[in-house]
S.K.: 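Dropping a structure here in structure tokens format, bear with me for questions.
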Amino acid sequence: MEKKIDESVQGATLTLESNEKNTRKLYIESYGCQMNFSDSEIVASILAKEGFNTTQELSEADLVLVNTCSIREKAELTVRKRLEKFNAVKKINPNMKVGVLGCMAERLKDKFLEEEKIVDMVVGPDAYKDLPNLIQEIDEGRNAVNVILSKDETYGDVAPVRLNSNGVTAFVSITRGCDNMCTFCVVPFTRGRERSRDPQSILEEVNDLWDKGFKEITLLGQNVDSYLWYGGGLKKDYDKASEIQKASAVDFAKLLELTALAQPKMRIRFSTSNPQDMTLDVIRVMAKFENICNYVHLPVQSGSNRILKAMNRLHTREEYFELIDNIRELIPDCAISQDMITGFPTETEEDHKDTLSLMEYVKYDYGFMFAYSERPGTLAARKLEDDVPLETKKRRLAEVIEVQRKSSLYRTQQHVGKVQEVLIEGPSKKSDAHWMGRNSQNTVVVFPKENYKIGEFVNVKSYDCTSATLLGEAVSYSKNN
């Protein structure tokens, strides 16, 4: 639940410009959060050097990979249906190999390989560099598996291929794994302990993206605020670092500043933040640099202190309010979005009312809201009974969504009448005559194309809105072009 899941891109296939020297075809689908889509780019980069061109035609693929998610039951069910489809195609094309990547692979390796025999290869999220060896194994008729979680793998030395990219925005991974052990989340078990990537490799990737024409990056991690580089190693081992290592360590606030300084005209976003780890230093850096967007995704999951404790969220409702107040004070026009779970085990109506009142206080710009679904392997699945009836979960979810709908409309209306910088990402989904872009607060803005082009920064004055989209007209180019 810690990562934003964009339903519109679930199951998207990746396409890369072909290398005429490559003779094999790779078909890869991605599910889940932004981390998974970023990982698919890394996989494609590795396999491009192994003779694979990407294809969107399943029937012609030599290798089919599905990059999976274990966060929600819906994603797992969808992946299972896709694997059934792949195996039906495999009967027609018996030379085709099928592999499962990512979080679900690590958790269900035995089922996939031994019990159900539905895949040839299972590859965990830290083992992508081993893909050439694993592919050799399956080429020789053996099943292949590597789900070993690494203490140091960050893929800092693999330049991701930007697949299906709009050429304007890109994700840059800065951490892997998570130490927080929220009881509803399987990520610490599927992606391992938290480790941070060398800041120099991050800055090199950002500079390379700018040189290739990208105008906006999102620094990506399961929990970006706990980024900590002290020469390598796990975050939990930082107390064992030498005095020199500690003196030269780079935390997230410092990394954010280094990135902003490296490319002053490039927009910078980051995701995801955790309330227990986000510091005032990060907010101050955001306020200091114009090219760092005024938007924070700050999952809270519940407004009840009792439920937060059961979730092992190491912050209280009151501490969350204090953080929100500090953000509002330092960056008055900062947009804030949430993740929320309804119907967590033992949740009462009183707990649910606490969630609604928290949402009324914050008035989030956007939200990602789910009814609780028990995930095998999590602490909650092992220790807590899923005792809230489905009808109750759904009703509470509907009430949460309704509060969010009103807040979204309220927040979007605050932009109407203002002139704001918008980065053009592509055509509007509803009109070929209009561009779509986003303002600093991540709100979608739609306006007539005129003579403007994708990738340009344009000042747009909004005159109307829906709950999620601003309608406006361009008035001039931004100074950032």
Side-chain angles (χ1 to χ4, degrees), residues 1-6 33-35 169 171-175 178 180 182 216-227 251-260 266-303 308 313-341 355 358-369 404 407-408 410-412 414-415 420-421 423 438-444 468:
M1 290 293 187
E2 285 298 308
K3 301 292 336 135
K4 181 160 56 173
I5 294 177
D6 184 348
C33 68
Q34 293 159 334
M35 289 293 290
T169 64
F171 294 120
V172 176
S173 292
I174 66 168
T175 67
C178 186
N180 282 335
C182 301
E216 178 183 293
I217 53 131
T218 300
L219 300 176
L220 200 61
Q222 222 64 44
N223 178 14
V224 290
D225 296 280
S226 60
Y227 175 90
D251 63 8
F252 183 59
K254 182 63 177 175
L255 177 69
L256 203 53
E257 182 172 25
L258 290 170
T259 310
M266 179 177 259
R267 267 193 183 178
I268 299 161
R269 301 187 188 275
F270 55 89
S271 185
T272 293
S273 293
N274 191 307
Q276 71 202 43
D277 295 305
M278 191 172 201
T279 65
L280 280 176
D281 285 345
V282 170
I283 302 165
R284 291 189 187 107
V285 171
M286 289 178 67
K288 180 179 177 183
F289 290 94
E290 203 173 295
N291 59 329
I292 300 176
C293 290
N294 292 342
Y295 169 56
V296 179
H297 182 53
L298 198 62
V300 63
Q301 310 299 359
S302 173
L308 287 171
R313 302 287 285 179
L314 302 180
H315 64 86
T316 64
R317 170 189 177 94
E318 291 74 25
E319 287 167 339
Y320 189 83
F321 282 152
E322 184 180 355
L323 180 56
I324 294 292
D325 291 345
N326 284 329
I327 293 172
R328 298 272 190 234
E329 182 181 346
L330 289 167
I331 314 171
D333 63 343
C334 188
I336 302 171
S337 60
Q338 48 85 351
D339 289 351
M340 204 72 73
I341 301 170
T355 294
L358 179 141
M359 293 180 69
E360 294 280 8
Y361 180 87
V362 179
K363 288 188 168 57
Y364 293 101
D365 295 69
Y366 327 101
F368 304 90
M369 299 146 287
Q404 182 56 58
S407 295
S408 293
Y410 168 77
R411 291 295 180 193
T412 308
Q414 306 309 300
H415 299 294
Q420 297 174 315
E421 183 187 77
L423 174 59
R438 295 171 198 271
N439 62 13
S440 178
Q441 290 78 9
N442 209 37
T443 308
V444 170

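Reckoned from all heavy atoms, side chains included, excluding hydrogens, waters and symmetry mates. Keep in mind the model is a prediction, meaning the values are calculated, not measured.
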S.K.: Consider only side-chain N and O atoms of Tyr295 and Ser271, and report whether a donor and an acceptor are under 3.5 Å apart.
M.R.: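 Result is no, nothing qualifies.
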S.K.: Would you confirm whether Ser407, through its side chain, and Lys363, through its main-chain N or O, come within 3.5 Å as a donor-acceptor pair?
M.R.: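 No, because the side chain of Ser407 does not come within donor-acceptor range (under 3.5 Å) of the backbone of Lys363.
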S.K.: Between Ser337 and His297, is there a side-chain donor-acceptor contact under 3.5 Å, judged purely by atom types and distance?
M.R.: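 Yes.
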S.K.: Measure across Thr175 and Gly221 and return the closest heavy-atom pair with its distance rounded to 0.1 Å.
M.R.: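 That closest heavy-atom pairing would be OG1-CA, 3.3 Å.
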S.K.: Does Tyr366 use its side chain to pair, donor to acceptor, with the backbone of Thr443 at less than 3.5 Å?
M.R.: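 Answer holds: yes.
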S.K.: For the residue pair Phe252 and Leu219, what are the closest heavy atoms and their distance?
M.R.: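 That would be CE1-CD1, 4.2 Å.
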S.K.: Using the side-chain hydrogen bond (donor to acceptor under 3.5 Å, both in side chains) criterion, which residues pair with Asp365? Sequence neighbours excluded.
M.R.: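 Per chain and number, Asp365 pairs via side-chain hydrogen bond (donor to acceptor under 3.5 Å, both in side chains) with no residue.
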S.K.: Tell me every residue that passes side-chain hydrogen bond (donor to acceptor under 3.5 Å, both in side chains) with Tyr410, counting only those two or more places apart in sequence or in another chain.
M.R.: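 With neighbours one apart ignored, the set is empty.
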S.K.: Looking at CG of Leu220 and CZ of Phe171, how far apart are the two atoms once the value is rounded to the nearest 0.5 Å?
M.R.: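 The CZ atom of Phe171 is 6.0 Å from CG of Leu220, to the nearest 0.5 Å.
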S.K.: How would you list, by chain and number, every residue that makes a side-chain hydrogen bond (donor to acceptor under 3.5 Å, both in side chains) with His415, sequence neighbours excluded?
M.R.: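 So His415 forms a side-chain hydrogen bond (donor to acceptor under 3.5 Å, both in side chains) with Gln420.
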S.K.: Do Asn274 and Pro299 come within less than 4.5 Å of each other through their side chains, counting heavy atoms only?
M.R.: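 No - every pair of side-chain heavy atoms lies 4.5 Å or more apart.
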S.K.: Test of understanding: with side-chain contact (heavy atoms from CB on, under 4.5 Å), list the residues that count as partners of Ser440, not counting sequence neighbours.
M.R.: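 Listed in chain order: Cys293, Asn294.
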S.K.: How close do Ala260 and Asn291 get, counting heavy atoms only, and between which atoms?
M.R.: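 Heavy atoms of Ala260 and Asn291 come nearest at O-ND2, 3.2 Å.
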S.K.: Compare every heavy atom of Glu421 with every heavy atom of Arg267, then report the nearest pair and how far apart it is.
M.R.: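 Heavy atoms of Arg267 and Glu421 come nearest at NH2-O, 2.9 Å.
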S.K.: I need the minimum non-hydrogen distance between Gln276 and Arg313, along with the two atoms involved.
M.R.: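 Looking at all heavy atoms of both residues, the shortest contact is OE1-C, 4.0 Å.
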S.K.: Keeping the roles fixed (side chain from Tyr320, backbone from Leu298), state whether a donor-acceptor pair exists under 3.5 Å.
M.R.: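 Yes: the side chain of Tyr320 pairs with the backbone of Leu298.
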S.K.: Give me each pair satisfying salt bridge (charged side-chain N to carboxylate O under 4.0 Å, His left out) with a member in residues 268-280, each pair once, sequence neighbours excluded.
M.R.: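 Sorted pair list: Glu216-Arg269.
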S.K.: Got more than 12 heavy atoms from elsewhere within 6.0 Å of CD, Glu319?
M.R.: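 Yes, because the 6.0 Å sphere around CD of Glu319 holds more than 12 heavy atoms from other groups.
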S.K.: Is there any salt bridge (charged side-chain N to carboxylate O under 4.0 Å, His left out) pair reaching into residues 283-292, and which pairs are they, with sequence neighbours excluded?
M.R.: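 For residues 283-292: Glu257-Lys288, Asp281-Arg284, Glu290-Lys479.
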S.K.: For Thr316 and Leu308, which heavy atoms make the closest approach, and how far apart are they?
M.R.: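 Closest pair (atom of Thr316, atom of Leu308, distance): C-CD1, 4.0 Å.
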S.K.: Below 4.5 Å, heavy atoms only, C-beta onward: do Arg411 and Gln441 meet side chain to side chain?
M.R.: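 No, too far: nothing below the 4.5 Å cut-off.
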S.K.: Is there side-chain contact between Cys334 and Val296, with heavy atoms separated by less than 4.5 Å?
M.R.: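 Side-chain contact under 4.5 Å: yes.
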S.K.: So among Leu330, Leu323, Asp325, which one has a side chain to side chain contact (heavy atoms under 4.5 Å, CB included) with Ile327?
M.R.: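 Testing Ile327 for a side chain to side chain contact (heavy atoms under 4.5 Å, CB included) against Leu330, Leu323, Asp325 leaves exactly one candidate, Leu323.
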